[in-house]
Colleague: 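Structure in structure tokens, see below.
Letters go in sequence order (proteins before strands), and every chain restarts at 1.
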There are 2 protein chains.
Amino acid sequence: MLSSSQPGASKHGQNLNLVFRALGDPTRRELLARLSKGPAMVTELARPFDMSLPAVGKHLRILENAGLIRRTVSGRVHQCALSPLPLKTAGEWLAKYTQFWDETFNSLNEYIRDDNVRE
Amino acid sequence: MLSSSQPGASKHGQNLNLVFRALGDPTRRELLARLSKGPAMVTELARPFDMSLPAVGKHLRILENAGLIRRTVSGRVHQCALSPLPLKTAGEWLAKYTQFWDETFNSLNEYIRDDNVRE
DNA sequence: ATAATAGTAAACCATATGGTTTACTATATC
DNA sequence: GATATAGTAAACCATATGGTTTACTATTAT
């Protein structure tokens, strides 16, 4: 069934791991929401949180490793910007299940059930 | 900016934490893919994996706690079924960023940028 | 030159994840 | 009743997460 190879061995799967795990933390979702309004430096991003600067720095690193933000250093200022493509990837993975969201089990659904949903 | 309250304090946010973290593991995504083709018992679900039954059992528990599967026990058999609503919730969260996916920075995007993306 | 600012690095801690093996419970079968 | 099957429970282990504090580097400002 599904991918016959190892469960998350593909690069694609690895990205999904990093992205979904990154999204699983509320602080990081807040950071993304903030960055959706435009780039910001680290201190600026950290200000709203009741948390040390290094802690926020770590969250940003995780977002960066997931490809969700990019960082440009100029002087001592690290400017962070949203890099939303991985969100699209995640959205596309979820979209494969859209068919199941409306539990109108019609014949189309029947057809889909016989189809493969791949990892 | 965004939610003025605590970062993941809402029940909604808690669900997102559980759901995204559940999706962050390839074994669990495979399990969901398998269940998208119809319900299955635990042993059946575990078979394709090079992993002990208790390990798969734990993954199923995590999926269950995230609301992504339901379990009905009859006799000694635990039947698991996909419960896709939390996927919808996650998809809706992601959908708030759809605007950023196509990097056509038109005037609509400009308008959106002034809008709030909330947690 | 001195001091303040932006940020990372490193050491540390508590708890969570993801896996194992062994033991156990409960149901089904012979 | 004896045995096999389905599955969880519990104890254990290694590593990852999410936070802290202290120390450090590098840039900017006085």
Colleague: Measuring from Arg47(B):CZ to Leu53(B):CG, what's the distance to the nearest 0.5 Å?
Modeller: 11.0 Å

Colleague: Could you state the interatomic distance from OG1 (Thr98(B)) to CG (Leu87(A)), rounded to the nearest 0.5 Å?
Modeller: 9.0 Å

Colleague: If you pin Arg21(A) and Arg61(A) to their nearest nucleotides in DNA chain C, which one's is more 5'?
Modeller: Arg61(A)

Colleague: Measure NE2/His78(B) against P/dA28(C) and give the value in whole Å, please.
Modeller: 11 Å

Colleague: To the nearest Å, give me how far apart CE (Met51(B)) and P (dT20(C)) are.
Modeller: 7 Å

Colleague: Whole angstroms only, please: what is the CG-P distance between Asp50(B) and dG18(C)?
Modeller: 17 Å

Colleague: Counting C-beta onward and ignoring hydrogens, is there a side-chain heavy-atom pair between Val19(B) and Thr89(B) closer than 4.5 Å?
Modeller: no

Colleague: Starting from the 5' end of DNA chain D, give me the residue, Val77(B) or Val77(A), whose nearest nucleotide shows up first.
Modeller: Val77(B)

Colleague: May I have the distance from Asp25(A) (atom CG) to dT15(C) (atom P), rounded to whole angstrom?
Modeller: 18 Å

Colleague: Go through dA6(D), dG19(D), dT20(D) for me and flag the one nearest to the Ser52(A) side chain.
Modeller: dT20(D)

Colleague: How many angstroms lie between atom CG of Leu82(B) and atom NZ of Lys37(B), to the nearest 0.5 angstrom?
Modeller: 12.0 Å

Colleague: Between the side chains of Glu64(B) and Arg70(B), is the shortest nitrogen-to-carboxylate-oxygen separation below 4.0 Å, so that they form an ion pair?
Modeller: no

Colleague: What are the two closest non-hydrogen atoms of Ala40(A) and Arg34(A), and how far apart are they?
Modeller: CB-NH2, 3.3 Å

Colleague: Give me, pair by pair, the N or O atoms of the protein and of nucleotides 22-24 of chain D that are less than 3.5 Å apart, along with how far apart they are.
Modeller:
none

Colleague: Looking only at the side chain of Lys58(B) (C-beta and beyond, no hydrogens), which of the listed nucleotides dT8(C), dG19(D), dT20(C) gets closest?
Modeller: dT20(C)

Colleague: Tell me the interatomic distance from Gln79(A), atom CD, to dT27(D), atom P, rounded to whole angstroms.
Modeller: 17 Å

Colleague: What pairs of nitrogen or oxygen atoms, one from the protein and one from nucleotides 1-4 of chain D, lie under 3.5 Å apart?
Modeller:
none

Colleague: Can you tell me the distance, in whole Å, between the CZ atom of Phe20(A) and the C1' atom of dA16(D)?
Modeller: 20 Å

Colleague: When the distance from CG of Leu60(A) to C1' of dT17(D) is rounded to whole Å, what number comes out?
Modeller: 16 Å

Colleague: Determine, using the 4.5 Å side-chain heavy-atom cutoff (strictly less than), whether Phe20(B) and Ile62(B) are members of one ILVMFWY cluster.
Modeller: no

Colleague: To the nearest Å, give me how far apart CD1 (Ile62(A)) and C1' (dA16(D)) are.
Modeller: 9 Å

Colleague: With a cut-off of less than 4.0 Å, is there a side-chain N or O of Arg28(B) near OP1 or OP2 of dG18(C)?
Modeller: yes

Colleague: Where the side chain of Leu53(B) is defined as all heavy atoms beyond and including C-beta, which of dA6(C), dT8(C), dT8(D) is the nearest nucleotide?
Modeller: dT8(D)

